[in-house]
2 protein chains.
Amino acid sequence: MKEGKPATIKEIAKRLKISPSTVSRALNDHPSIGLVTTMRVKKVAAELNYEPNQTAIFFKQRKTFTIGVVLPSLSEPFFSAAISEIENVAHEKNYTVIMGQSLDDADREFRILQTLKTHRVDGVLMSIGKNTQDYQFVELLKGAGIPIVFFDCVPDLDNIHTVVSDLETGMLEAIDMFVSCGHHAISLINGPARLPASIERRNAYCKGLEKCNIPFREEYVVNTDLTSEGNESAILQLLALPDRPSAVVSFNDYVALDVMMIVRQRGLTLNQDIHFISYANYPLWKYMENPPMASIEQFPGDQGRKAAELLFELIQTPERTDPVKIVFKSSLINQA
Amino acid sequence: MKEGKPATIKEIAKRLKISPSTVSRALNDHPSIGLVTTMRVKKVAAELNYEPNQTAIFFKQRKTFTIGVVLPSLSEPFFSAAISEIENVAHEKNYTVIMGQSLDDADREFRILQTLKTHRVDGVLMSIGKNTQDYQFVELLKGAGIPIVFFDCVPDLDNIHTVVSDLETGMLEAIDMFVSCGHHAISLINGPARLPASIERRNAYCKGLEKCNIPFREEYVVNTDLTSEGNESAILQLLALPDRPSAVVSFNDYVALDVMMIVRQRGLTLNQDIHFISYANYPLWKYMENPPMASIEQFPGDQGRKAAELLFELIQTPERTDPVKIVFKSSLINQA
DNA sequence: CTGTTAGCGCTTTCAG
DNA sequence: CTGAAAGCGCTAACAG
């Protein structure tokens, strides 16, 4: 019951003593083909177990119905959530998804993009790695006519399409919440200082303090390289302060997990001696005995979905000139 | 600086007044082409910014250098870990990866497989959904000459290649550990009764008790449908028992999270009144104040890597007849 | 060492 | 409404 070579249009044609072109048209429900022949063709096609050779079609149509997704990591929950929604959108549109992870390695990232280009994907969705400095690939893909939408971690360029989250809104809410709970010694454990994501957080933090008329104190902002050691030394800096903060916003949940553990080990009581809010990238706080007061949610799934939808629009309307910039507001979610 | 149409071999040939085949050969470093012409060809190719049209090559070679990966979910940590390693292996081999998630929907799963087939992927890696009953797709792909390797959740068929974890080894270790800590009232919170994964756990559990000379008690095995409500009712059943168990092995970490929370709410003290070990699918226990005593680890990354490596072997040696069955031992990891 | 020719499977003018 | 023929870009016999 196995057919070595799958049936082709030609064979169907031969069987029916009609021309291949007619078969092709019939199969594609071309209006100018008689109903009867169309039926006969489809019948034989079914009998022969015909399956169109997509590689031939891709080749002919210069379209692959495939999009590429390039992310720093495929296993990080934030990106997993995004991926999952991206796949859903693609599935709805009858597209397939090729994935690659850069692991924050700029060379690997570049190689993946190259591969996607040679595979002639119809579009690319991308979140750049932390070490990516060189954005020449943008021109590369543009030259190849492949639309690209950046999301979450995006290059600092004007003429590109981006979907990002506004880290400010959530930060303002967080500081408001702290203040309304009576805190005024509010600190920020930030990521690596030059990271755009860190700069945004810092700016938002300053703005939040200002809105609440709390003076900014440089020693209340500490940085971590996001390793456990870095997180530890960051929180220790704060704890060593003569007037240590009673409230802390942290770069993300991983940082929060680490620093909250240290705080506990030091004999302080969470949500009493010291309070935390963090940017969310990890979902299971509800099971913790002492979760942070709240999390700043960035909705990775929604971002991924939106980015994918935008990409499909661009694929359908290739000649869009104006860069689209979509911003998702981050917002506070209670945990406690 | 944009070239509407990318350069083709023909144009290079024309420029150099040689034949396309020579160009093709030169570009592929065919040994029978003179070094000088090879150089000249490559130079012009570079000038013209030539890029081979992969879709044409795929079409011609009947090979796509692409593998398909079909999983129940792209966002579950267990699968994310596997995906990440699969992508690594593929990247090493210069392959690309197409991903699809079935969301445990058998129809969607089937459609994805169809798509992969029409996309002419060179091989498929798959973990089947919970509701998949019909394995006809196995024959479908076999008929198309596409090798397939199943991992983690695999169909109950003989003539297929599989990579799975042996749930027994970890269970035996778990029960040993409980017993050596003085427990004899050891319970199992299992998943849906008919799920192969549940049956295996149950069998392993029975075997473990037997090895330790502990009589099996039917009421110590309860089932959950893996929803929070199901988990809750499962643990409540156990707690309501006249001699409630002091030790529990749970189906997976999500179940453990839920039931441990309930236990706490009921005023019991974890790791004192009642002890837990669960099959791991979630990594962050170290941050919990009261983690389970231990976890039974299944090494999703290793499994994914192994499955991918096996698939690439099969792609290179298409005429393998004997089904390969690889088993990973699960094993206990201390958490406390 | 290089050129000629044919063809992968499909779509698509252009003629009837 | 249908057929003939050309061609997408590349590779690979088969000749020289």
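Each chain gets a letter, A, B and so on, in the order the sequences are listed, and its residues count up from 1. In what follows, every heavy atom counts, from backbone to side chain, and hydrogens, waters and symmetry copies are set aside. Computed from a predicted structure; not experimentally measured.
- A salt bridge links Asp29(B) with Lys42(B): the closest approach of a Lys/Arg side-chain nitrogen to an acidic carboxylate oxygen falls below 4.0 angstrom.
- Taking a centre distance below 5.5 Å and an interplanar angle below 30 degrees as the stacking criterion, Phe59(A) does not stack against the six-membered base ring of dC10(C).
- Of the candidates dG3(C), dC10(C), dG3(D), the closest approach to any side-chain atom of Ser19(A) belongs to dG3(D).
- Regarding Ile18(A), its CD1 atom lies at a distance of 9 Å from the C1' atom of dT2(D), rounded to whole Å.
- For Ser75(B), the side-chain hydrogen bond (donor to acceptor under 3.5 Å, both in side chains) partners two or more places apart in sequence, or in a different chain, are Ser73(B).
- With sequence neighbours excluded, the residues satisfying side-chain hydrogen bond (donor to acceptor under 3.5 Å, both in side chains) with Glu85(A) are Asn88(A), Arg305(A).
- Scanning all heavy atoms of the two residues, the minimum distance from Lys306(B) to Ile326(B) falls at CE-CD1, 3.7 Å.
- In this structure, Arg108(B) pairs ionically with Glu87(A), as a charged nitrogen and a carboxylate oxygen lie closer than 4.0 Å.
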Assign a letter to each nucleotide of nucleotides 11-16 of chain C from its 5' end: B, base within under 4.0 Å of a protein heavy atom; S, sugar-phosphate only; -, no contact. BBB---

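- Side-chain contact between Thr66(B) and Val97(B) is absent, with no heavy atoms from C-beta onward closer than 4.5 Å.
- One side chain, Glu109(B) or Thr132(B), offers a donor N or O that lies under 3.5 Å from an acceptor on the other.
- Contacts of residues 113-122 of chain A with DNA chain D (heavy atom under 4.0 Å): none.
- A straight line from CZ of Arg62(B) to C1' of dT11(D) spans 12 Å, rounded to a whole angstrom.
- Looking only at distances, no side-chain donor or acceptor of His161(A) sits under 3.5 Å from a matching main-chain atom of Pro323(A).
- A heavy atom lying under 4.0 Å from DNA chain D marks the following residues of residues 29-42 of chain A, by number: Ser32(A), Ile33(A), Gly34(A), Thr37(A).
- Using a 4.0 Å cut-off, some side-chain N or O of Lys10(B) falls inside it from OP1 or OP2 of dC8(D).
- Ring planes of Phe137(B) and Phe150(B): tilted class, angle from 30 to 60°.
- As rounded to whole Å, 14 Å separates atom C1' of dC10(C) from atom CD of Glu11(A).
- Side-chain atoms of Thr22(B) and Ser19(B) form a donor-acceptor pair, as typed in the model, at a separation below 3.5 Å.
- Rounding to whole angstrom units, NZ of residue Lys17(A) and P of dT2(D) are separated by 17 Å.
- Qualifying side-chain hydrogen bond (donor to acceptor under 3.5 Å, both in side chains) partners for Arg25(A), counting only residues two or more places apart in sequence or in other chains: none.
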